[in-house]
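Below: one structure, written as C-alpha cells.
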Amino acid sequence: MDFQIRPAQQTDLPRIRAWAVQESWNPGRYDLEVYWRQNSLLVGWLGDQPVGCISAAAYDADFGFLGCYLVDHRHRGHGYGRFLWEKAISSLPARCIGLEGAVALQDTYLRHGFVKSCLHVRHQLKSGNGNPVASSLQAIHSIPFEQVLDYDTRHFVGMRSQFLQHWLGSPEMQGWGVVQADHLLGYGLIRPADMGYRIGPLFADRADVAQQLLAALLQIPPSDQPVYMDVPKSNEQANQLMKNVQAIPLFSNCRMYKGEFPELPLDEIYGVTTLEMG
C-alpha cells in the first residue's frame, strides 16, 4: 500500500495522544491541540491506517523545531520514520533547527548534522502544602500578553507569538509572573497532564524569583498529584532548587541544534516549555 504524509486533522489528535502515552511521554492534557494549531503536526498514513507522526514547528523565518516523532510499534522497521523525518526537515527553516533527542539516539542525530547543546533532566516534584502565594506574584493572565511575549522571546530561540497565545489560552493552563516596577522578572506555567501535572516554562532573572514562582505553581495541583518539570542540567541554580524541594530526577534528554547555534541565557531557564516544541 502507498505511504502518504499529510497535515494532521483534529480528528487525528486522540490517536497521536495515545501513541505519546504509550511511549510514556506524559503529554499535557491539551498540548496536542496547541501543536495542531501551530500547523506543525504531520501524520504518516499507510492506506487508510495512520502509522506515525512528527511535528515540524516553524516559529519564524530562521528557527524551527522537530518533535512528536514516533511510529506505531506495529509498523516500525519499514522506513516510514525516515520518510516522516525527511518531510519534516524539508519544511523547516534551514538557518537553525532544534530538537530534543533521547540520549540513546544522540549519535543518530549527530550523523544528521545536529550538535549537542545541553541535557534536560525530568524531575518529579510533590505538589505544595497550601502555603500562601507570595504577594509579589501576579496571575499570568492579568499580565499584558506583549510583556510576557517580550520576556519569553529573551529565553527562546525565535519569537513564538502564535504558539504562546495558544499555550497561555489552553484549557486549565495556570501560572504566575513576578512584576516589579513594570518589569517582568520571571514567569511560570503549569497544566494537567496524562499523569499528574507538567510545569513549563519556568523562566526567571534570579534564583529567588524562580523559587517564588515554583512554590506558587506547586500550590495549584491537588495534594495527591505528582508534578513534572524538565530542567537544564547546566543551570546550577536550577539544580539546587530541585534539591531544595527534594525533587526526584527521572531521565535525561539532549537538546540539539542544526545550523546556526543559538545563544540562550541558560542560567535563567529553570524549566523548558515542552520537549516536543522547544
Side-chain angles (χ1 to χ4, degrees), residues 7-8 13 16 25 27-42 53-69 88-89 91-101 114 117-118 120 140-141 143-177 184-191 193 198-205 213 217 229-232 235 253 255-266 268-278:
L13 301 185
I16 298 173
W25 288 357
R29 192 175 296 167
Y30 304 100
D31 287 8
L32 286 169
E33 282 78 1
V34 177
Y35 305 167
W36 175 70
R37 291 181 185 278
Q38 187 71 25
N39 298 317
S40 67
L41 285 171
L42 301 171
C53 62
I54 195 168
S55 67
Y59 287 109
D60 54 30
D62 296 326
F63 180 64
F65 201 88
L66 291 168
C68 292
Y69 180 34
I89 286 284
S91 70
L92 290 177
R95 185 170 178 179
C96 181
I97 299 173
L99 61 78
E100 194 79 25
F114 285 81
S117 173
C118 67
H120 290 134
I140 193 65
H141 294 102
I143 301 172
F145 174 74
E146 291 301 325
Q147 191 174 16
V148 179
L149 176 62
D150 180 67
Y151 191 82
D152 184 84
T153 303
R154 287 169 45 195
H155 298 84
F156 193 69
V157 181
M159 180 178 286
R160 49 180 179 176
S161 176
Q162 181 185 27
F163 171 84
L164 190 60
Q165 282 184 316
H166 292 311
W167 196 245
L168 286 167
S170 182
E172 299 185 63
M173 184 71 76
Q174 299 183 66
W176 299 97
L184 186 60
L185 303 183
Y187 87 97
L189 301 175
I190 190 168
R191 64 200 191 277
R198 296 275 300 274
I199 290 175
L202 178 53
F203 301 149
D205 286 5
L213 288 166
L217 291 171
M229 180 170 155
D230 298 305
V231 178
N235 185 337
N253 284 294
R255 176 64 55 88
M256 306 179 78
Y257 296 102
K258 181 178 182 179
E260 185 174 312
F261 200 86
E263 295 293 334
L264 290 172
L266 293 178
E268 298 179 6
I269 299 175
Y270 287 78
V272 298
T273 307
T274 163
L275 300 183
E276 292 79 24
M277 295 285 280

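These values consider heavy atoms only, across backbone and side chains, with no hydrogens, waters or symmetry-generated copies.
Between Leu164 and Tyr187, the shortest heavy-atom distance links the atoms CD1-OH, 3.6 Å. Across all non-hydrogen atoms, the minimal contact from Ile97 to Phe114 is O-CE2, 3.5 Å. Smallest separation of non-hydrogen atoms from Gln162 and Arg37: NE2-O, 3.6 Å. Contact detail for Ile16 and Cys53: the closest heavy-atom pair is CG2-SG, 3.8 Å. Nearest approach of Glu100 to Leu275, heavy atoms of both residues: CB-O, 3.3 Å. Heavy-atom minimum distance, Leu184 versus Gly177: CD1-CA, 4.2 Å.
Among residues two or more places apart in sequence or in another chain, the ring pair (Phe, Tyr, Trp, His ring centres under 6.0 Å) test is passed with His166 by none. Taking Asp230 as the reference, Arg122, Arg198 meet the salt bridge (Lys or Arg N to Asp or Glu O under 4.0 Å) condition, with sequence neighbours excluded. In this view, Pro93 and Ala58 satisfy the side chain to side chain contact (heavy atoms under 4.5 Å, CB included) rule, not counting sequence neighbours.
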Go through the steps to decide whether Tyr30 and Arg191 satisfy the test side-chain contact (heavy atoms from CB on, under 4.5 Å), and finish with yes or no. CA-CA 8 Å; Tyr30 304 100; Arg191 64 200 191 277; over 6 Å; no
Check against side-chain contact (heavy atoms from CB on, under 4.5 Å), Met277 and Arg160: CA-CA 10 Å; Met277 295 285 280; Arg160 49 180 179 176; over 6 Å; no
Where do Leu92 and Phe65 land on the side-chain contact (heavy atoms from CB on, under 4.5 Å) test, with the steps shown first? CA-CA 8 Å; Leu92 290 177; Phe65 201 88; over 6 Å; no
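A donor-acceptor pair under 3.5 Å is formed between the side chain of Ser91 and the backbone N or O of Ala88. A donor-acceptor distance shorter than 3.5 angstrom exists from the side chain of Ser55 to the backbone of Gly67, with no hydrogens or angles considered. With Asn235 contributing its side chain and Leu266 its backbone, the two residues share a donor-acceptor pair below 3.5 Å.
Counting only heavy atoms from C-beta outward, the side chains of Asp31 and Trp167 approach each other to under 4.5 Å. Residues Phe163 and Thr273 meet the side-chain proximity criterion, which asks for heavy atoms closer than 4.5 Å. Residues Val157 and Tyr257 form a side-chain contact, since some pair of their non-hydrogen atoms from C-beta on lies under 4.5 Å apart.
Note: Ile269 CD1 to Cys118 SG = 7.5 Å, rounded to the nearest 0.5 Å. Taking CG of Leu217 as the reference point, atom CE of Met229 lies at 8.5 Å (rounded to 0.5 Å). To the nearest 0.5 Å, atoms CH2 (Trp176) and CD1 (Ile143) are separated by 10.0 Å. In this structure, Met173 CE and Ile190 CD1 are separated by 10.0 Å, a value rounded to the nearest 0.5 Å. Distance check: Ser117 OG to Met256 CE gives 9.5 Å after rounding to the nearest 0.5 Å. Expressed to the nearest 0.5 Å, how far CZ of Arg29 lies from CD of Glu172 amounts to 5.0 Å.
If you look at Phe203 and Phe156, their ring centroids are not closer than 6.0 Å.
Between Tyr59 and Phe63, the ring planes are parallel. Angles under 30° get that label, and only those over 60° would be called perpendicular.
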